[in-house]
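As the structure is a prediction and not an experimental result, all values here were calculated from the model. Read the numbers this way: they start at 1 and go in the same order the structure lists the ligands and their atoms.
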Amino acid sequence: MARIVGGITTSHVPAIGGAIAKRRQDEPYWKPFFDGFVPVRKWLSEVKPDVAVVFYNDHGLNFFLDKMPTFAVGAAPEYRNADEGWGIPTLAPLTGHPELSWHVIESLVDDEFDPVTCQEMLIDHAVSLPMALLWPDQPCPLRVIPVCINTVQAPLPSAKRCWKLGQAVARAVQSWPGDEKVLMIGTGGLSHQLDGERAGFINKPFDLEFMRSLIGNPTWATQFSTHQIVEKAGTQGVELLMWLATRAALPGAVTQLHTNYHIPISNTASGLMLMEAAA
Ligand code: DHB
Ligand code: FE
C-alpha cells in the first residue's frame with residue numbers, strides 16, 4: 001500500500017524565480033526566505049518520497065476564464081512548465097505517474113468529486129517554484145500528480161470542500177496497491193492582495209493562527225466562507241486553500257518538523273511548513 005509520508009506547504013511568489021536566476025539567495029532581502037528551505041531539503045533527502053501530489057492554483061496558463069474547472073487532476077506522462085508572463089526561467093518537464101493519477105481520479109469520482117481530467121497540462125510558477133526551492137541542484141526526482149483548485153474565477157470551492165477534497169485524495173492514495181512513498185505539497189498564500197484598494201494587504205496574526213491551526217485544530221479554517229477568507233487574507237490570500245487541502249490529505253495527527261514565516265516577499269506573506277504524517 002502506498003504511504004503518505006508528510007506534507008510541505010509554501011508560498012509561490014514569481015519574484016522567487018528571478019532571485020534564483022540572479023543568485024540573490026544570500027542578499028538580506030532574500031536570505032530569511034531561502035534559509036527556510038534548508039531543513040526541508042534535509043528531510044527530503046532522508047525520507048526520499050517517490051511521488052508528490054501537488055495542490056496548486058493555476059494563474060491563467062493552463063485554464064483561462066472561458067473554461068475554469070473547480071478541480072482538475074493531471075493524468076499526463078509529463079508536465080511542461082511555461083511562464084504566463086512574469087519573465088522567469090522555466091523548468092524542464094516534470095515526470096508524471098499516469099497510473100496513480102487515474103487511480104486517484106477514479107477514487108475521487110467514486111467519492112462524489114467530479115474533477116476535470118488532464119492528459120495534457122501545462123504547469124505555471126505555482127508548481128515550478130516549489131520544485132526549484134525544494135530541488136535547487138537537480139530536476140525534481142519525484143513523479144508528480146498536479147491537483148488544481150480554482151482560485152481565479154468565482155465561484156471558488158469553499159474551504160470545507162477543499163478540506164474534503166484533501167481527505168478524498170488521501171483515501172485514494174492509501175488504497176493504491178503500489179509501495180510508493182507519497183508527499184503532499186500545497187502551494188500558494190499566505191495573505192496577499194495584488195490589486196484594488198487593499199493592494200499590499202498582509203495579515204500576520206491571521207496567517208500565524210492559520211499555520212498553528214493546521215497542527216492542532218486543522219479544520220479551524222473550514223468555518224470561513226470564501227468572502228471571509230478574502231477579508232482576512234486578501235484577494236489572492238485565498239490560495240491558502242491549497243494548504244488546507246494538503247493538511248487534509250495527511251491522515252490523522254501530524255508532527256510539525258519545521259516552519260518559516262517571512263514578510264514580505266514581493267506583496268506576499270511567505271510561509272513554509274513541513275509536517276510529518278504518523279507512520
Ligand atoms: C505574487 C504572489 C502570488 O501568489 C502570485 O501568484 C503572483 C504574484 C506577488 O506577491 O508578487
Ligand atoms: Fe499565486
Side-chain angles (χ1 to χ4, degrees), residues 8-22 24-25 27 29-30 32-34 36-37 54-65 68-72 74 79 81-91 121-134 146-154 156-157 159 162 185-204 206-207 210-211 221 226 229-246 260-273:
I8 297 169
T9 51
T10 174
S11 312
H12 61 217
V13 179
I16 299 163
I20 293 172
K22 292 175 185 138
R24 295 201 162 145
Q25 290 92 330
E27 292 181 7
Y29 181 90
W30 287 104
F33 170 78
F34 280 101
F37 288 85
V54 186
F55 295 95
Y56 81 106
N57 57 289
D58 180 82
H59 298 75
L61 178 73
N62 192 66
F63 304 112
F64 203 62
L65 305 182
M68 185 56 64
T70 303
F71 300 126
Y79 300 94
N81 171 219
D83 172 25
E84 78 275 23
W86 300 100
I88 55 177
T90 51
L91 284 191
M121 197 177 199
L122 271 181
I123 46 157
D124 71 7
H125 71 276
V127 180
S128 66
L129 292 176
M131 295 309 177
L133 289 162
L134 297 173
V147 177
C148 183
I149 300 179
N150 167 34
T151 61
V152 171
Q153 175 162 262
L156 273 48
C162 292
I185 297 179
T187 126
L190 286 172
S191 61
H192 62 300
Q193 172 145 348
L194 301 179
D195 45 21
E197 278 177 22
R198 290 202 308 169
F201 174 77
I202 280 176
N203 186 346
K204 181 174 176 178
F206 175 78
D207 289 335
F210 173 64
M211 288 171 81
T226 301
I229 295 175
V230 166
E231 209 167 82
K232 290 171 190 300
T235 313
Q236 284 77 28
V238 288
E239 291 178 348
L240 63 79
L241 293 174
M242 312 306 138
W243 292 44
L244 198 57
T246 300
N260 191 33
Y261 184 80
H262 179 68
I263 294 175
I265 289 296
S266 181
N267 287 302
T268 298
S270 75
L272 171 67
M273 288 177 80

[X] to [Y] - nearest heavy-atom pair and separation:
{"X": "V13", "Y": "L129", "result": "O-CD1, 3.1 Å"}
{"X": "N57", "Y": "E239", "result": "ND2-OE2, 2.9 Å"}
{"X": "Y56", "Y": "M121", "result": "OH-CE, 3.4 Å"}

min-distance N/O/S atom, H12 vs the Fe ion (ligand 2), resolves to NE2

Looking at E239, which of its N, O or S atoms is the nearest one to the Fe ion (ligand 2)?
OE2

Option nearest atom 3 (C) of ligand 1 (shortest heavy-atom distance, choices Q193, H59, E84, H192)
H192

Short check: any N/O/S atom of H59 below 2.8 Å from the Fe ion (ligand 2)?
yes

Taking [atom] as the reference point, the nearest protein heavy atom with its distance:
{"atom": "atom 1 (C) of ligand 1", "value": "P14 CD, 3.7 Å"}
{"atom": "atom 2 (C) of ligand 1", "value": "T268 OG1, 3.3 Å"}
{"atom": "atom 9 (C) of ligand 1", "value": "S266 OG, 3.3 Å"}

Donor-acceptor check, side chain of D58 to backbone of F63, threshold 3.5 angstrom: yes or no?
yes

Would you say W86's side chain and A15's backbone share a donor-acceptor pair under 3.5 angstrom?
no

Apply ring pair (Phe, Tyr, Trp, His ring centres under 6.0 Å) to H59 and list each qualifying residue two or more places apart in sequence or on a separate chain.
H12, H125

Mind checking what makes ring pair (Phe, Tyr, Trp, His ring centres under 6.0 Å) contact with F37, not counting sequence neighbours?
F33

W86 N/O to ligand 1 N/O under 3.5 Å
no

For a side-chain contact (heavy atoms from CB on, under 4.5 Å) with I8, tell me which candidate from T246, T187, L134 qualifies.
L134

Ligand 1 atoms in contact with [X] (distance to a heavy atom under 4.0 Å):
{"X": "N267", "answer": "10 (O)"}
{"X": "E239", "answer": "4 (O), 6 (O)"}
{"X": "V13", "answer": "9 (C), 10 (O), 11 (O)"}

